[in-house]
Amino acid sequence: MDSERYNAREAEPKWQRIWEESEIFRTPNDDPRPKYYVLEMFPYPSGRIHMGHVRNYTMGDVIARYKRARGFNVLHPMGWDAFGMPAENAAWHRKSHPADWTYANIAAMRGQLKSMGLSLDWSREIATCDPAYYKHQQRMFLDFLKAGLVVRKKSKVNWDPLDHTVLANEQVIDGRGWRSGVLVEQRELTQWFFKITDFAEDLLRALDELRRWPEKVRLMQANWIGRSEGLALRFELEPAPQIASREVEVYTTRQDTLFGAKFLAIAADHPLAAEIARNDKALAGFIAECHHGGSSAAAIETAAKKGYDTGVKASHPFDRERRLPLYVANFVLMDYGTGAIFGCPAHDQRDLDFANKYGLGNTPVVCPPGEDPATFTIGATAYEGDGVLINSRFLDGMTTQAAKEEVARRLEAKPLGKRPQGRREVHYRLRDWGISRQRYWGCPIPVIHCGACGVVAVPARDLPVELPRDMSFDEPGNPLDRHPTWKHVPCPACGAPALRETDTMDTFVDSSWYFARFTDPWNAAAPTTAEWIEKWLPVDQYIGGIEHAILHLLYARFFTRAMQATGHVGALMEPFAGLFTQGMVVHETYRSKAGEWFYPANVRIEARPDGRHAFHVDSGEEVVIGAIEKMSKSKRNTVDPDDIISAYGADTARWFVLSDSPPERDVIWTEEGVQGAAKFVQRLWRLVGELASLAAPAGTLAPGTFSASAMEIRRTVHMSLITLDDDIERLRFNRAVAQVHDLANKLSAAIGAVETTKIGQDIRAAFREAADILVMMIAPMMPHLAEECWAALGHADMAAEAGWPVADRALVVEDTIALPVQVNGRKRADLVVARDAGRAAIEAAAVALEPVRRALDGRPVKKIIIVPQRIVNVVS
RNA sequence: GCGGGCGUGGCGGAACUGGUAGACGCGCUGGACUCAAAAUCCAGUUCUGGUUGACAGAGUGUCGGUUCGACUCCGACCGCCCGCACCA
């Protein structure tokens, strides 16, 4: 082998072509080997891949290639999350059809992904906008409908005025649409909902079983589901001329504080508020005011607590003489609990703020530990913790927990009308998932509205309900609704003229089951074949961004349960056994004095004694190096993967995104770092060349005995392999990279050491083994370079189809070991002893060491601690 | 406010369940090779003191504790980041 530079530009497309032609990454379903399903979150076809994709798909590819070499039947597919707003926006701006725009983007991005050398089974590629994909989704929708897991209900919804569509709660961030960024409005609309709340308890409980999920994500989901245990409690209302209602039900988790109650408050949209308002113009005005101001989360945050005294009084469940005023209050939410609360000012900050404003007073009923019950009072801060009950008759002296239990027990036994006055209840913060979207580029909801028959499911034979192709996008609003003919159809039940549903499904529905669709070979006649889903799922390792911790990952967990409930999968409950959330790719920002942002490609960095300086390439003007931030178009701190791959090659890009930073943390993209990776590619190429020139030919039998120096090489290599195996298994790619660097350094040193002496057959065999193992170790991370090296080493097969080298653990056990010796916890010397040296021998040798004697400085030894094969500590 | 995470050299980061702090890389410094530059190779690089070498002391955000021994465990505090947020 000559010492020419490794030419990635030639080698990479060559190996990509060979892999594709030999179909080695095609995954058969009926392979008897153990399965391993590795999946990265599929991309939205925006048109170009970005560095985040490079990082995400490189990590997945390392795992896929590693597991494949280890003998697993690996499923590693790719697809496109292809429905969504940008396609419609593009249609409007460029007068191109959303389908054309989307498929052109897919073609471009597929080419980019292929240039990365990913070991994907492209025969399983899917796009969610393909009728062959969404027909299954429509069928499942109808099965869910039949099973009661889809309902149509009137509801207050989040309305995005810019995108002209409804958003799920999960898609509203800080009161703004997750995509448009504009303030969301509240509207009453009839919408389709997935009954995710039916699974609230199970979705919460099963989080405990997801051992291979990040703790953070499980916590975020648990908080989102927001389980609370409390008491639904009915207050009796005193008869009053303005109302017919005789009671109001509140929900509380603090029934122990019932004797501290000073008022009741109901939400502005509570039916009782509407009832009273019929005869109370001022209240009607107040309710309108609440609706007006209180829509966005941001407005709620700053809004002061406001209430309206209805004049209605409620009686305390344990004391009819206590009469509590009924307020309508702006801080009570209709969609949590019962939309009504009892206010205990002493032990709830909101209630205290409210009570102070309206002069309702407070009575402390829970005394904090360490406080004197006789003198404990509440000022401006409510006490929300646990304690001992006071001022509460039969509860006095009880703990918070005991008092909760006692109140619940008594109210469950106490009738009000025909029912008990109290009822233990579990409430969730989680809301049902509204999926109706007033958009064109989404999966049509397969129902028909008939004046006589109501909502009628589209018959199975008519699926899929396909989107019409002839569309105009020149007006805002739902284009499907404006289409001249599409929605007019006869009712499948009675034949009378009827109307199609013109809403389409939230695109998060599309991504809630795509991992299941991949398991079924493309073009298979059977829809979502349960057999293959059960063979492949759960996904063994799922990788994607933390931004999907709630939205996508919760929806997918729900959808899998709904599929199971409707017979689309067997016993499977969780779609993703292992989840890894990777960090972002971040980059410095560059800005001119005038405030103009510059792309890194247009900036030249110069290192000077006083630090790094940046200059615009064309003008030469010095630009300011700004903060390191997430790559974004607005700050122009993006690096185009295409540019990197054409300049350095895919292996360099892959190597760099795996280096340095732990995969769950952000990685800083730097020009120096990429150049370092590129240099290392060349160095490896030279190193393998040198090893090849010294090594025994491929397939040569190893000699029976190895000299000490040959053994040292072998030990180094096997030790390195053991470490790397562990690093990859635990997704610690930055350590795997460091391990390869380390081995390369050690092998270079070993070559330097032997070249002067006459090289023996045992050394040649050791170098042969070292070269083979080194190349296999880099193969998951830099697959093209590995193939080129593998071929140069004389192998007839491809590295991508070679088995993983087996580390010999017996080899790394040495006869003598170096034990660090501490004096009073500080390391003073190394002690070289036989591995099986006895305690007495170690003690004697340790205190005899010169640095130990010096550190002891004549003091007597009190004791010696010996941790076998780890450390010796001499205590004086 | 609630919940969670993180603080280690000039920088990114190592240090497995308490056992040699700073692996590996970037950067920097010096040297070799070269007419020269790039590339490559070699050596050094936590801080302080010491004439160089081995040498001594300090050191993982701060203060305290447990321990033969603490980046790791416990308590209090400081700083930064993320998620949720009028959820009764």
Side-chain angles (χ1 to χ4, degrees), chain A residues 3 5 173-174 214-220 222-224 226-228 230-231 250-255 257 265 294 297 300-301 303 305 329-333 335-344 347-351 353-354 384 427-431 546-547 549-550 607 609 611-612 656 659-662 664-668 670-673 675-677 679-680 682-683 686 723 726-727 730 732 734-745 748 752 818-830 851 854-855 862-867 869-876:
Chain A
S3 58
R5 287 176 66 78
I173 295 146
D174 290 336
E215 183 66 18
K216 182 186 170 74
V217 175
R218 296 189 331 207
L219 268 162
M220 282 168 74
N223 290 339
W224 190 264
R227 184 180 199 274
S228 85
L231 192 72
V250 306
Y251 174 71
T252 182
T253 56
R254 289 303 300 271
Q255 62 268 23
T257 65
I300 284 168
E301 198 174 346
K305 305 223 171 344
N330 66 347
F331 71 94
V332 180
L333 308 174
D335 54 3
Y336 186 80
T338 59
I341 60 157
F342 80 79
C344 176
H347 303 293
D348 184 290
Q349 191 59 45
R350 292 158 305 174
D351 296 348
D353 294 344
F354 190 81
E384 300 186 346
H427 281 248
Y428 301 91
R429 207 188 77 112
L430 184 69
R431 298 276 85 93
I546 186 75
E547 67 273 19
I550 296 172
R612 294 166 72 249
F656 179 69
S659 307
D660 289 347
S661 291
E664 70 278 9
R665 269 191 240 174
D666 292 350
V667 63
I668 305 169
T670 62
E671 187 60 27
E672 294 93 324
Q675 283 171 4
K679 282 180 193 173
F680 189 66
Q682 297 299 336
R683 183 171 167 221
R686 285 194 307 273
T723 310
D726 187 53
D727 290 337
R730 296 163 68 179
R732 296 161 60 141
N734 57 320
R735 280 181 44 118
V737 164
Q739 194 53 232
V740 171
H741 271 286
D742 199 39
L743 180 59
N745 290 346
S748 290
L819 274 182
V821 180
Q822 299 178 324
V823 175
N824 294 329
R826 185 161 190 101
K827 191 206 166 190
R828 296 295 174 177
D830 281 310
R854 205 181 321 121
K862 278 193 197 142
K863 60 173 164 175
I864 299 176
I865 287 159
I866 297 173
V867 182
Q869 300 185 40
R870 274 229 104 119
I871 204 159
V872 178
N873 192 8
V874 180
V875 185
S876 71

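The figures that follow rest on heavy atoms only: side chains count, while hydrogens, waters and symmetry mates do not. From a predicted model like this one, the values you see are computed outputs, not experimental measurements. First the proteins, then the strands, lettered A, B, ... as listed; each starts at 1.
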Both conditions, 6.0 Å and 45 degrees, for the charged tip of A/Lys305 above the ring of A/Phe354: are they met here? no
Which of B/A56, B/G25, B/A88 is nearest the side chain of A/Thr253? It is B/A88
Counting the atoms with a prime plus P, OP1 and OP2 as sugar-phosphate, which does A/Asp351 contact under 4.0 Å by heavy atoms, base, sugar-phosphate, or nothing? nothing
List every contact pair, protein side and nucleotides 39-49 of chain B side both N or O, where the distance is under 3.5 Å.
| unit_1 | atom_1 | unit_2 | atom_2 | d |
| --- | --- | --- | --- | --- |
| B/U40 | O3' | A/Arg686 | NH2 | 3.2 |

Taking for each residue the nucleotide of RNA chain B bearing the nearest heavy atom, is the 5' side occupied by A/Gly226 or by A/His741? A/His741
Of the listed nucleotides (B/U20, B/G13, B/A88), which one gets closest to any side-chain atom of A/Ile871? B/U20
Find which nucleotide of RNA chain B each of A/Ala738 and A/Leu219 is nearest to by heavy atoms, and output the residue with the more 5' nucleotide. A/Leu219
Among B/A56, B/A21, B/A88, the one nearest A/Lys827 by side-chain distance: B/A21
What's touching nucleotides 65-71 of chain B from the protein side, N or O pairs under 3.5 Å?
| unit_1 | atom_1 | unit_2 | atom_2 | d |
| --- | --- | --- | --- | --- |
| B/C68 | O2' | A/Asn873 | ND2 | 3.3 |
| B/C68 | O2 | A/Asn873 | ND2 | 2.6 |

State which of B/C82, B/A88, B/G13 makes the closest approach to the side chain of A/Asn734. B/G13
Quick check on B/A88: is either OP1 or OP2 less than 4.0 Å from any side-chain nitrogen or oxygen of A/Tyr251? no
Quick check for you: among B/G13, B/A56, B/A15, whose closest atom lies nearest to any side-chain atom of A/Arg735? B/A15
Inter-nucleotide P distance (B/G61, B/U72), Å rounded: 8 Å
Using 30° and 60° as the class limits, which term best fits the ring planes of A/Tyr251 and A/Tyr336: parallel, tilted or perpendicular? perpendicular
Side chain of A/Arg429 (C-beta onward), nearest among B/G4, B/G13, B/A85: B/A85
For A/Arg227, enumerate each residue passing the side chain to side chain donor-acceptor pair (under 3.5 Å) test, keeping only those at least two apart in sequence or located in another chain. A/Glu201, A/Glu229
Taking any heavy-atom pair under 4.0 Å as a contact, classify A/Val332: base, sugar-phosphate, or nothing. base
Counting the atoms with a prime plus P, OP1 and OP2 as sugar-phosphate, which does A/Arg218 contact under 4.0 Å by heavy atoms, base, sugar-phosphate, or nothing? nothing
Output, in order, the C-alpha distance, side-chain angles, deciding distance and verdict of side chain to side chain donor-acceptor pair (under 3.5 Å) for A/Ser661 and A/Asp666. CA-CA 7 Å; A/Ser661 291; A/Asp666 292 350; over 6 Å; no
To the nearest Å, how far apart are A/Ile550 CD1 and B/C82 C1'? 12 Å
Among the candidates B/A88, B/C16, B/C84, find the nucleotide nearest to the side-chain atoms of A/Arg730. B/C16
Can you tell me the base-pairing partner of B/A58? Count Watson-Crick or G-U wobble geometry only, both distances below 3.5 Å, and say none if there is no partner. B/U46
Of the nucleotides B/A15, B/G13, B/G3, which has the atom closest to the A/Arg732 side chain? B/A15
Return the pairing partner of B/U40 with a 3.5 Å limit on both distances, Watson-Crick or G-U wobble; otherwise return none. B/A32
Ranking B/G13, B/A23, B/A88 by distance to the side chain of A/Thr252, first place goes to B/A88
Looking only at B/U20, B/A88, B/G4, the nucleotide nearest the A/Pro820 side chain is B/U20
NA contact type, A/Arg227, heavy-atom cut-off 4.0 Å: base, sugar-phosphate, or nothing? nothing
Looking only at atom C1', what distance separates B/C2 and B/C71, rounded to whole Å? 29 Å
